[in-house]
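Residue numbering restarts at 1 for every chain, and letters A, B, ... go by the order of the sequence lines. Hydrogens, waters and symmetry mates are skipped; everything else that's a heavy atom, side chains included, is used. In this text the structure is predicted, and so the values were computed from the model without any measurement.
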Protein chains: 2
Amino acid sequence: MSGKTTIYDIAKALNITAATVSRALNNNPKISQSTRKLVLETANKMNYKQNKLALALRSGKSNNVGVIVPRINTNFFASVIRGIEEGLHPEGYQVIICQTHEDENREVENVNTLLNAQVDGIFMSISNLPKEDNHYIERVIQKNIPLIFFDRKKEMKNVSSVTIDDYLASYQTTQHLIEQGCKKIAYFSGDRSLEIYEDRYRGYEKALLDNNIPINPDYIISIKSNVTEGRDAVEKLLALENPPNAIFSTSDFAALGAIQRLKEHGIKIPEDFCVFGFGNEPFTKFMELSISTVDQSPLEMGKMAAQVFLEKINNSDNKKSENKVVLMPKLLIRQSSTRIA
Amino acid sequence: MSGKTTIYDIAKALNITAATVSRALNNNPKISQSTRKLVLETANKMNYKQNKLALALRSGKSNNVGVIVPRINTNFFASVIRGIEEGLHPEGYQVIICQTHEDENREVENVNTLLNAQVDGIFMSISNLPKEDNHYIERVIQKNIPLIFFDRKKEMKNVSSVTIDDYLASYQTTQHLIEQGCKKIAYFSGDRSLEIYEDRYRGYEKALLDNNIPINPDYIISIKSNVTEGRDAVEKLLALENPPNAIFSTSDFAALGAIQRLKEHGIKIPEDFCVFGFGNEPFTKFMELSISTVDQSPLEMGKMAAQVFLEKINNSDNKKSENKVVLMPKLLIRQSSTRIA
DNA sequence: TTGTATGCGTTATCAC
DNA sequence: GTGATAACGCATACAA
């Protein structure tokens, strides 16, 4: 009783065959009520549990999906994963997580591992730069297993994606800052070889253009998403002959660093200087000076990604098609950018 | 070439048998160098990838472990999971995540699901109250698959655990507050039917006792871990005839809510009132008034849990034994509780 | 309605 | 050193 009861054990106990047991367990119509009941009872008595591994091997369907993210312990990624899990749990899928640490070798390795594990789908937020070598991704598509990018996507045929409209978010944010009276808006950019950062940059650029504000290359600073880089960037900006009076940071952490450093310089926010972040990290709301930011609705993004996956799975003719879902960003205008009430 | 190449395909291509291919692939000593090389080459050419599912079924080892947490998107749990993943990845294990949403039915369901998926180990942070019915946990132990509790554990035979010394953390924190001149220390408690919260309460109690400070039942408030509950609790405390002059909150979020509300009442922190949190949520450090808190080193906790699991797996004689690891908490004394420099 | 036989992809145990 | 065969646990096509 301790180990594992199989359908054979049940069959033996009932002097019937394993096939019949299997049918009874699976509510197969071709079976008499009496034997079904009998099987169900003894199965329960013998504490039978289906071995998903055997089922998976037999059916070619593991009921597992893989999620690949740079790291799991940031609010954004953790929340997306939560959304995916919640969307897929009712359908009986389990979620396997993989981290890349922004290392593209790890990304390739993770994809292969998931493929070998026979997952039924892969969700991923790109880490590596969009090089020419997409061989490992092609393999996924060829195997005809659904691939869904979220947030950091790569434009590809036959690959679905769920993202927010980064261009729009960026455009609206820049527009907002201009309306607050800021004409000299610095921009903290992520790596623009990733689509989301390129899109955000274009939104910023376009908004300035539409307002007849020239682009100042000195105001464009490439940063990594952490506090220190935000602080350093502020130093550079304040050393300029003509320093800016606002920062739009594509990272909340860098925005925080910027605010810290600006304050240390005695600059008043938002009176003298506006700051806008991106990502709606929990701390942005909690600060005494709350930080304006863009909400990416990660939970909804995850749930939507789950839906996209399920649709692909259920419409087998649809499997080859792609579905690009673009969610609306939400500007959370808080104290750090509110001059005009 | 698109679908799946099996060892049979390789065997056929080489006019040898699948067994030989398998041996070659697994570096079995009983094989000639020449055939091995040949097999390896064609395997590579045909883009062969081992089907882990078949291997798992055959070997009874899935190379998957399950992690069960109340929710994945809090810094603490996400970081522990990260630690587990990083500790297990080098050994070839994949991590399957499950959420309970603090619902004990979900907890039972998740354990069963993981068992059916034939995971090689289960890591879990208890959600449900330690009722008498531990049947679902017993099943895990009986099946002889390693079970490791982290943080929210349950005292049981044959179950390992990794926790911090909650009693000590709480004792030291209370002692610290007393040393800062606070004799009237309110306490925000979690559900004391969970061991960690009981331990923390005992630490608080003992420190007061050791300092000849009587316990004031009005100061003990049971809260959930969120901002609102912290705010509400402060209201209750300030309405007392003899209100406290410090709060030790076992939740950072409640500590934040408390601070917000205290400030709104014009109470100065830390001059008039000290506040101490628990958990080292990222925002505690970022606040303009940084919040003192207890660091639980979640990353280390996860890595340690991974180690405990690996030791159990590798010493099969050790499998039945238990290993209770207790990590040292770190008090992070920040502005919200620093009167004396 | 039930039983028989087979295959999912591997590896281990025999033989040769 | 290599081949044939069985087994892991399950579900189904085919027979009966």
> Is there a donor on the side chain of A/R58 or the base of C/dG9 sitting less than 3.5 Å from an acceptor on the other?
Replying inline: no

>> Please evaluate residues A/V67 and A/M124 with respect to the criterion side-chain contact (heavy atoms from CB on, under 4.5 Å), reporting the C-alpha separation (whole Å), side-chain torsions for both, the decisive distance (0.1 Å), and the verdict.
In response: CA-CA 6 Å; A/V67 180; A/M124 106 181 206; over 6 Å; no

> Do B/S32 and B/S34 meet the criterion of a side-chain donor-acceptor pair at a distance under 3.5 Å?
Replying inline: yes

> Please walk me through it: do B/E107 and B/H101 pass side chain to side chain donor-acceptor pair (under 3.5 Å)?
Replying inline: CA-CA 9 Å; B/E107 188 163 296; B/H101 301 281; over 6 Å; no

>> From NZ of A/K52 over to C1' of D/dC8, roughly how many Å is that when rounded to an integer?
In response: 17 Å

> Taking NZ from B/K12 and P from D/dA4, how many angstroms apart are they, rounded to a whole number?
Replying inline: 13 Å

> Taking the side chain of B/N26 as heavy atoms from C-beta outward, which of D/dG9, C/dT11, D/dA4 is closest to it?
Replying inline: C/dT11

>> So if I take every side-chain heavy atom of A/R23 and compare against C/dT2, D/dC10, D/dG3, which nucleotide ends up nearest?
In response: C/dT2

>> Below the 4.0 Å mark, does D/dC8 have OP1 or OP2 next to a side-chain nitrogen or oxygen of B/S59?
In response: no

>> Whether B/K153 and B/E155 form a salt bridge (side-chain N of Lys/Arg under 4.0 Å from carboxylate O of Asp/Glu) is what I want to check.
In response: yes

>> I need the NZ-P distance between A/K4 and D/dC10, as an integer number of Å.
In response: 11 Å

> Rounded to the Å, how far apart are A/K30 NZ and D/dT12 C1'?
Replying inline: 9 Å

> How many Å lie between CG on A/N116 and P on C/dG9, as a whole number?
Replying inline: 13 Å

>> Here's a test of your reading of the structure: between A/Q33 and A/Y8, which maps to the more 5' nucleotide of DNA chain C?
In response: A/Q33

> Do you know which two heavy atoms are closest between A/D191 and A/S193, and how far apart they sit?
Replying inline: OD1-OG, 2.6 Å

> Do any side-chain nitrogens or oxygens of B/Q50 fall under 4.0 Å of OP1 or OP2 in C/dT11?
Replying inline: yes

> What's the closest nucleotide to the B/N51 side chain, out of D/dC8, D/dG1, C/dT10?
Replying inline: C/dT10

> With sugar-phosphate meaning primed atoms plus P, OP1 and OP2, does B/I7 contact a base, only sugar-phosphate, or nothing at under 4.0 Å between heavy atoms?
Replying inline: base

> Between A/N28 and D/dT12, does any side-chain N or O lie under 4.0 Å from OP1 or OP2?
Replying inline: no

> Quick one: is D/dA11 close enough that its OP1 or OP2 comes under 4.0 Å of any side-chain N or O from A/S22?
Replying inline: yes

> In whole angstrom, what separates A/L57's CG from C/dG7's C1'?
Replying inline: 9 Å

> B/I31 has an atom CD1; how far is it from atom P of C/dA12, in whole Å?
Replying inline: 13 Å

> Is A/R71 paired with B/E85 through a side-chain N to carboxylate O contact shorter than 4.0 Å?
Replying inline: no

> With sugar-phosphate meaning primed atoms plus P, OP1 and OP2, does A/T17 contact a base, only sugar-phosphate, or nothing at under 4.0 Å between heavy atoms?
Replying inline: base

>> If I take atom CG in residue A/L53 and atom C1' in nucleotide D/dA7, what distance separates them, rounded to the nearest angstrom?
In response: 15 Å

> Under 4.0 Å between a side-chain N/O of A/T20 and OP1 or OP2 of C/dG3, yes or no?
Replying inline: yes

>> Categorize B/K49 for me: base, sugar-phosphate, or nothing, with a 4.0 angstrom heavy-atom threshold over every strand shown.
In response: sugar-phosphate

> So which one's nearest nucleotide on DNA chain C is more toward 5', B/T6 or A/T35?
Replying inline: A/T35

